[in-house]
Student: 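Pasting in a structure now, in structure tokens, and then I'll have a few things to ask.
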Amino acid sequence: MTKYIFVTGGVTSSLGKGIISASLAKLLQARGYSVTIQKFDPYINIDPGTMNPYEHGECYVTEDGAETDLDLGHYERFLNTPTSKANNITTGRIYQNVINRERQGAFLGKTVQVVPHITDEIKNNIRILGEGGNYDIVITEIGGTVGDIESLPFIEAVRQFRWETGQNNSLVIHLTLIPFLAAAGELKTKPTQHSVKMLLEYGIQPDILVCRTEHHINSDIRKKIALFCNVNINAVVESIDASTIYDVPLLMLKEQLDKTVLSKLKLPAKNEPNLESWKDFLGRLKNPTAEVRIGLVGKYVELPDAYKSITESFIHAGAKNECKVRVETIHSEELTPENAIEKLQGLHGILVAPGFGQRGIEGKIEAIRYVRENNIPFFGICLGMQMAVVEYGRNVLGLKGAHSTEMDTETPHPVIGMMEGQKKVTNKGGTMRLGAYACDLRKNSKAAAIYGKAHISERHRHRYEFNNAYLKQYENGGLIPSGINPDNNLVEIVELKNHPFFLGAQFHPELKSTVANPHPLFVNFVAAALAYARKK
Ligand code: GLN
């Protein structure tokens with residue numbers, strides 16, 4: 001029978017529920033349990049796909065094409081197992097399902113209400129993951145902070161769910177903050193007491209408290225928290241600030257979070273967790289033998305979360321190369337032909353990021369020209385790949401004014417155009433080319449050598465594509481289409497022959513890089529940057 005763990009947050013947002021959930025899942029997985037993690041987001045958007053990255057950070061895309069919260073990226077990177085659309089549910093989605101059923105008459109004349117109809121729908125979405133029989137344990141992270149108006153129905157659903165599934169079949173982990181008051185020189189437990197009190201008002205007694213803190217919490221503080229919040233002392237878990245998120249599973253292991261969880265769920269703590277390869281990764285990460293500086297050119301660089309999967313992929317690839325990757329962000333809007341050299345020189349590789357719209361686009365094109373002409377490793381992702389095609393068209397093939405029709409509908413050379421299937425689409429949400437698609441790699445190409453195979457599958461999120469009317473011209477002109485979608489002939493990868501590393505991918509490789517499986521394109525790009533740095 002599947003067991004359920006709920007993770008709530010108190011006191012403040014941004015305590016890192018996602019990382020705690022992923023770390024606990026990692027430990028349980030390392031003990032031989034199959035685990036998945038689900039996130040409930042209390043906002044009204046059906047999914048974060050329509051949200052600006054400044055609002056929400058990166059939009060993470062699953063294999064089955066759902067646009068989801070970036071925490072799902074952490075789940076996959078930690079667990080090395082794919083998530084799906086069932087792993088991220090928003091208030092908007094819950095209401096949409098209920099309202100659709102109301103229109104179909106499914107409620108047989110009843111008044112449709114938050115309790116029981118919305119809470120029932122929430123519970124169904126918890127159970128769906130458990131019922132497939134694929135998981136021993138389902139961890140459900142409730143977004144937001146306890147006490148928020150908008151997360152109330154989720155909390156109420158958790159209360160009901162726990163009651164219905166009976167003792168020892170579920171537990172609640174409450175993540176809270178123990179602030180340090182510098183003037184008093186003290187750690188304070190009162191906010192935690194209040195936040196647990198609020199949970200109690202909603203009928204939920206948390207089983208375990210994970211306490212975020214900047215300083216170690218001693219046994220007196222643990223005792224105090226245990227006493228005031230009705231939990232065992234071993235259920236007060238310290239979560240101290242870590243230098244990397246990848247340390248958190250080991251910190252939780254030290255606090256025996258996994259053991260406490262298993263004993264409360266009456267599951268055997270069979271084996272000690274096997275974390276050998278995780279520790280090996282951490283060892284490489286923390287003991288680099290070299291360093292490279294990579295420029296990340298994008299227009300959302302003020303917000304680190306906007307490129308979360310890319311920066312995490314660099315961490316995985318760096319560890320694999322035993323090399324520290326210093327990612328230096330460069331605002332594409334601030335790049336001009338005049339200042340490009342000054343801004344980009346000294347870097348050992350440039351990644352031009354995914355994105356939408358005109359803002360900052362000429363800066364991206366300029367950066368690509370610079371690295372192409374100067375044999376500096378280049379990696380373009382999605383929009384970055386499209387702009388590599390534009391740059392090559394304009395500056396090498398002599399296609400004056402070449403552009404993507406996303407930026408210039410009147411361009412004389414629409415080398416990037418909207419996909420046929422997209423032309424009639426008017427809705428914005430969930431309508432891009434999304435999720436996993438197959439791709440065939442050309443024999444003897446750099447891409448095939450890097451992947452070490454001929455057929456791959458990667459995840460997509462875009463509306464525009466390489467315009468195949470220009471295919472021959474590019475091929476003859478030296479920008480090789482080395483990855484092709486076998487079903488519709490779309491160009492998925494372009495690469496330059498006579499360049500140490502110049503590769504653009506229409507898909508998003510960063511979505512599939514994990515600790516256990518660093519993405520080969522990132523690993524090889526970092527290796528190329530390292531080779532370039534050594535030559536310099
Ligand atoms: N804006 C481009 C498109 O829609 C690229 C999207 C992206 O980089 N994810 O095709």
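Start at 1 and go down the list; that is how both ligands and their atoms are numbered.
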Student: Heavy atom to atom 10 (O) of ligand 1, shortest distance: which of F507, F356, Y464 holds it?
Tutor: Y464
Student: Looking at E475 and R442, is there a salt bridge between them, counting it only when a charged N and a carboxylate O are closer than 4.0 Å?
Tutor: yes
Student: Which atoms from ligand 1 have a heavy atom of H508 less than 4.0 Å away?
Tutor: 9 (N)
Student: Looking at K299 and E362, does any basic side-chain N land under 4.0 Å from a carboxylate oxygen?
Tutor: no
Student: Between R459 and H508 (side chain of the first, backbone of the second, donor and acceptor by atom type, cut-off under 3.5 Å), is there such a pair?
Tutor: no
Student: Where does H462 meet ligand 1, judged by heavy-atom distances below 4.0 Å: at the side chain, the backbone, both, or neither?
Tutor: both
Student: Is E366 salt-bridged to R369, going by a charged N under 4.0 Å from an acidic O?
Tutor: yes
Student: Can you tell me the protein heavy atom closest to atom 5 (C) of ligand 1 and the distance?
Tutor: G355 O, 3.3 Å
Student: Could you list the atoms of ligand 1 found under 4.0 angstrom from a heavy atom of E406?
Tutor: 1 (N), 2 (C), 3 (C)
Student: Tell me: protein heavy atom nearest atom 9 (N) of ligand 1, and distance?
Tutor: R461 O, 2.9 Å
Student: Do the rings of Y474 and F466 sit parallel, tilted or perpendicular, given the 30° and 60° boundaries?
Tutor: perpendicular
Student: Take M387 and M385 through the test side chain to side chain contact (heavy atoms under 4.5 Å, CB included) and record every step on the way to the result.
Tutor: CA-CA 5 Å; M387 290 309 114; M385 171 270 197; over 6 Å; no
Student: Is Q386 close to ligand 1, meaning an N/O of one under 3.5 Å from an N/O of the other?
Tutor: yes
Student: Please state which protein non-hydrogen atom is closest to atom 4 (O) of ligand 1 and give its distance, to 0.1 Å?
Tutor: R463 N, 3.0 Å
Student: Which residue, K39, K308, R77, forms the salt bridge (Lys or Arg N to Asp or Glu O under 4.0 Å) with D71?
Tutor: K39
Student: What protein heavy atom is closest to atom 7 (C) of ligand 1, reported as residue, atom name and distance in Å?
Tutor: C382 SG, 3.0 Å
